[in-house]
Amino acid sequence: MKTITPRLIFISYRLRSACRLQRIQGHMMSTKAGSEVLFEKVGNAGVITLNRPKALNALNLTMIRHIYPQLKKWDKDSETDLVIIKGAGEKAFCAGGDIRAVSEAGKAGDSLTQDLFREEYILNNTIGTYQKPYVALIDGITMGGGVGLSVHGRFRVATEKTLFAMPATGIGLFPDVGGGYFLSRLQGKLGLFLALTGFRLKGRDVQRVGVATHFVQSDKIVSLEKDLADLKTPSNSDVAQLLDSYQEQSSLDAEKPFVLQEQTDAIDRLFSAGSVEEIMENLKKDGSAFALKQTETLAKMSPPSLKLTFRQIQEGRGHDFYEGVRAVLIDKDQSPKWKPSILSGVSEQAVEECFSSLGERDLKL
């Protein structure tokens with residue numbers, strides 16, 4: 001009979017851990033880079049296609065590491081006049097980052113988690129400062145990392161299929177990819193409302209609030225892409241003029257009112273507060289059906305994430321991210337056990353620590 005010693009148990013554990021980490025790395029750093037993101041020249045345009053339709057084109061580190069240098073290359077290429085980015089399939093532009101893989105890597109202590117966020121933010125900054133026209137065709141689900149690939153570009157084209165949200169507080173995170181920048185610049189308290197509640201905007205409403213610059217019907221996107229590629233040495237105004245013409249041809253849902261039209265004043269009033277606790281008090285005192293619904297929504301979110309999101313922070317770590325991913329994406333029981341579980345349990349000191357410098361690890365763009 002074979003004796004199992006503590007040393008054998010330890011070695012077996014280490015081997016299992018190593019294999020598990022290898023699987024995680026393989027998931028995040030897939031060798032299928034050539035198929036997960038596609039690059040091609042169409043006319044005068046460089047076209048990026050996010051090609052993971054079964055994963056709703058979720059963005060992983062491999063994709064980031066291929067998109068970034070390609071953008072740099074096209075920026076210097078005299079025969080590339082503009083860049084178009086789109087998603088494969090019928091459902092999504094990009095439903096976010098590959099959060100499940102990030103969570104697994106983080107729990108395993110792998111540096112790929114930090115690498116992904118750091119390199120993703122560098123890519124977002126590159127898009128935001130790109131010198132040539134950059135057009136994101138957000139024809140489908142656009143969340144999290146997908147927002148980072150689009151909202152910082154000069155042109156963002158929504159369709160009736162577009163579904164926008166920043167649902168980070170529901171998984172114990174916060175709206176990153178520059179969320180604190182663009183959300184804070186939406187009208188009134190709308191950005192704060194969207195960030196805290198994860199409220200979803202659809203179709204033309206995405207353009208109405210300013211997340212998208214244009215609205216074009218989905219059945220016109222192929223034609224639009226061809227016309228964009230045919231533009232020769234276009235200026236930003238040339239691209240804008242073409243997009244404007246397509247928007248004028250797209251009458252779908254034009255008469256449909258903005259989904260939050262009747263709640264806009266209430267959002268500005270109820271979310272004008274000095275803390276998340278005050279917002280909760282405002283909602284409870286108001287007592288309207290809308291206010292009560294938001295109270296219920298916020299009660300399900302991670303308290304630390306709510307406070308950090310309120311401060312529009314740029315970095316966050318901890319139990320709630322992993323627990324949120326478990327509850328929403330892995331076990332799917334929709335019952336996360338937040339730590340702390342109530343807002344009063346989140347100290348101001350804990351929030352302030354998230355603003356502290358990372359020293360040499362600070363990202364300088």
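- Asn57 contributes atom CG, which lies 9.5 Å from atom CD1 of Ile141 (distance to the nearest 0.5 angstrom).
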Q. Would Asp139 and Lys86 count as a side-chain contact (heavy atoms from CB on, under 4.5 Å) if you check the C-alpha gap in whole Å, the side-chain angles of each, and the deciding distance to 0.1 Å?
A. CA-CA 8 Å; Asp139 183 24; Lys86 61 182 181 177; over 6 Å; no

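- Counting only distance, with no hydrogens or angles, the side chain of Glu40 and the backbone of Ile48 share no donor-acceptor pair below 3.5 Å.
- Both Ile64 and Leu71 sit in one connected hydrophobic cluster of ILVMFWY residues. Membership requires side-chain heavy atoms under 4.5 Å apart, directly or through other members.
- By the rule that hydrophobic residues join a cluster once side-chain heavy atoms approach within less than 4.5 Å of another member, Leu243 and Tyr134 end up as members of separate clusters.
- Taking the centre of each ring, Phe193 and Phe199 come in below the 6.0 Å mark.
- Contact record, Ile127 with Gly148: CD1-O, 4.1 Å, taken as the closest heavy-atom pair.
- Under a 3.5 Å cut-off, the side chain of Asp238 and the backbone N or O of Ser235 do form a donor-acceptor pair.
- For the atom pair Lys285 NZ and Glu281 CD, the distance stands at 5.5 Å (nearest 0.5 Å).
- Within the 3.5 Å criterion, the main-chain N or O of Val147 finds no donor-acceptor partner in the side chain of Thr142.
- Not one N or O on the side chain of Tyr130 forms a donor-acceptor pair closer than 3.5 Å with the backbone of Asn125.
- Grouping the Ile, Leu, Val, Met, Phe, Trp and Tyr side chains by contacts below 4.5 angstrom, directly or via other members, places Leu50 with Ile122.
- Between Asn60 and Glu36, the side chains place a donor N or O and an acceptor N or O closer than 3.5 Å (distance only, hydrogens not considered).
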Q. Cys94 and Leu56: side-chain contact (heavy atoms from CB on, under 4.5 Å), yes or no, with the steps?
A. CA-CA 6 Å; Cys94 175; Leu56 299 179; over 6 Å; no

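- Rounding to the nearest 0.5 angstrom, the gap separating the CG atom in Leu270 from the CD1 atom in Ile279 is 9.0 Å.
- Note: the hydrophobic cluster containing Ile67 does not contain Val135 (ILVMFWY, side chain heavy atoms under 4.5 Å, direct or indirect links).
- Formation of a donor-acceptor pair under 3.5 Å by the Lys132 side chain with backbone atoms of Thr80 is found in this model.
- In this structure, Ile221 is a member of the same hydrophobic cluster as Ile84, with clusters built from ILVMFWY side-chain heavy atoms closer than 4.5 Å.
- Other residues, nucleotides and ligands contribute at most 12 non-hydrogen atoms within 6.0 Å of the CD atom of Gln187.
- Within a 6.0 Å sphere centred on NZ of Lys202, other residues, nucleotides and ligands contribute 12 heavy atoms or fewer.
- Without hydrogens or angle criteria, Gln249 side chain to Ser245 main chain gives a donor-acceptor distance under 3.5 Å.
- Looking only at distances, a side-chain donor or acceptor of Asp268 sits under 3.5 Å from a matching main-chain atom of Lys189.
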Q: Test Leu82 against Trp74 for side-chain contact (heavy atoms from CB on, under 4.5 Å), laying out the working first.
A: CA-CA 8 Å; Leu82 75 159; Trp74 279 336; over 6 Å; no

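- Looking only at side-chain heavy atoms (C-beta outward), Asn282 and Phe271 stay at 4.5 Å or farther from each other.
- The CG atom of Leu224 sits 9.0 Å away from atom OG of Ser250, with the distance rounded to the nearest 0.5 Å.
- Listed for the Glu262 side chain is no donor-acceptor partner under 3.5 Å among the backbone atoms of Leu260.
- For Arg208, the CZ atom sits in a packed shell: over 12 heavy atoms of surrounding residues, nucleotides or ligands are nearer than 6.0 Å.
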Q) Passes salt bridge (Lys or Arg N to Asp or Glu O under 4.0 Å), Asp205 versus Lys256? Steps please. A) CA-CA 9 Å; Asp205 286 343; Lys256 189 176 181 179; over 6 Å; no

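- When side chains are defined from C-beta on, Lys73 does not count as touching Asp77, because their heavy atoms never get closer than 4.5 Å.
- Using bins of under 30°, 30° to 60° and over 60° for the plane-to-plane angle, the ring pair Tyr121/Phe117 lands in the tilted bin.
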Q. Taking it one step at a time, do Met143 and Arg200 satisfy side-chain contact (heavy atoms from CB on, under 4.5 Å)?
A. CA-CA 9 Å; Met143 298 183 183; Arg200 298 181 173 192; 3.8 Å; yes

Would you be so kind as to tabulate the donor-acceptor pairs closer than 3.5 Å made by side chains of residues 209-216, with sequence neighbours excluded?
residue : atom : partner : partner atom : Å
Thr213  : OG1  : Arg156  : N            : 3.0
Thr213  : OG1  : Arg156  : O            : 3.1
His214  : NE2  : Asp244  : OD1          : 2.8

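- Among all heavy-atom pairs drawn from Glu278 and Ala273, the shortest one is CB-CB, 3.5 Å.
- Counting only distance, with no hydrogens or angles, the side chain of Thr162 and the backbone of Ile138 share a donor-acceptor pair below 3.5 Å.
- Salt-bridge annotation for Arg204 and Glu160: absent, with no side-chain N of the basic residue lying under 4.0 Å from a carboxylate O of the acidic one.
- Considering every non-hydrogen atom in both Gly172 and Ser302, the closest pair reads CA-CB, 3.7 Å.
- Not a single donor-acceptor pair under 3.5 Å links the side chain of Ser305 to the backbone N or O of Met301.
- When all heavy atoms are compared, the tightest approach of Ala58 to Arg52 is O-NH1, 2.9 Å.
- In terms of heavy-atom proximity, Phe310 sits nearest to Ser275 at CZ-N, 3.6 Å.
- Between Asp81 and Thr233, the side chains place no donor N or O within less than 3.5 Å of an acceptor N or O (distance only, hydrogens not considered).
- Residue Pro53 comes nearest to Ala88 through the heavy atom pair CB-O, 3.8 Å, listed as atom of the first residue, atom of the second, then distance.
- Residues Asn51 and Ser35 have side chains that never bring a donor and an acceptor to within less than 3.5 angstrom of each other.
- Here Leu123 contributes atom CG and His66 contributes atom NE2; the two are 13.0 Å apart, rounded to the nearest 0.5 Å.
- In this structure, Arg185 satisfies the cation-pi test against Tyr181, with its NZ or CZ atom closer than 6.0 Å to the six-membered ring centre and inside 45 degrees of the ring normal.
- Taking CG of Leu59 as the start and CG of Leu116 as the end, the distance is 6.5 Å to the nearest 0.5 Å.
- Every residue was checked against the side chain to side chain donor-acceptor pair (under 3.5 Å) condition with His152, not counting sequence neighbours, and none meets it.
- Salt bridge status for Asp230 with Lys226: present, with a side-chain N to carboxylate O gap under 4.0 Å.
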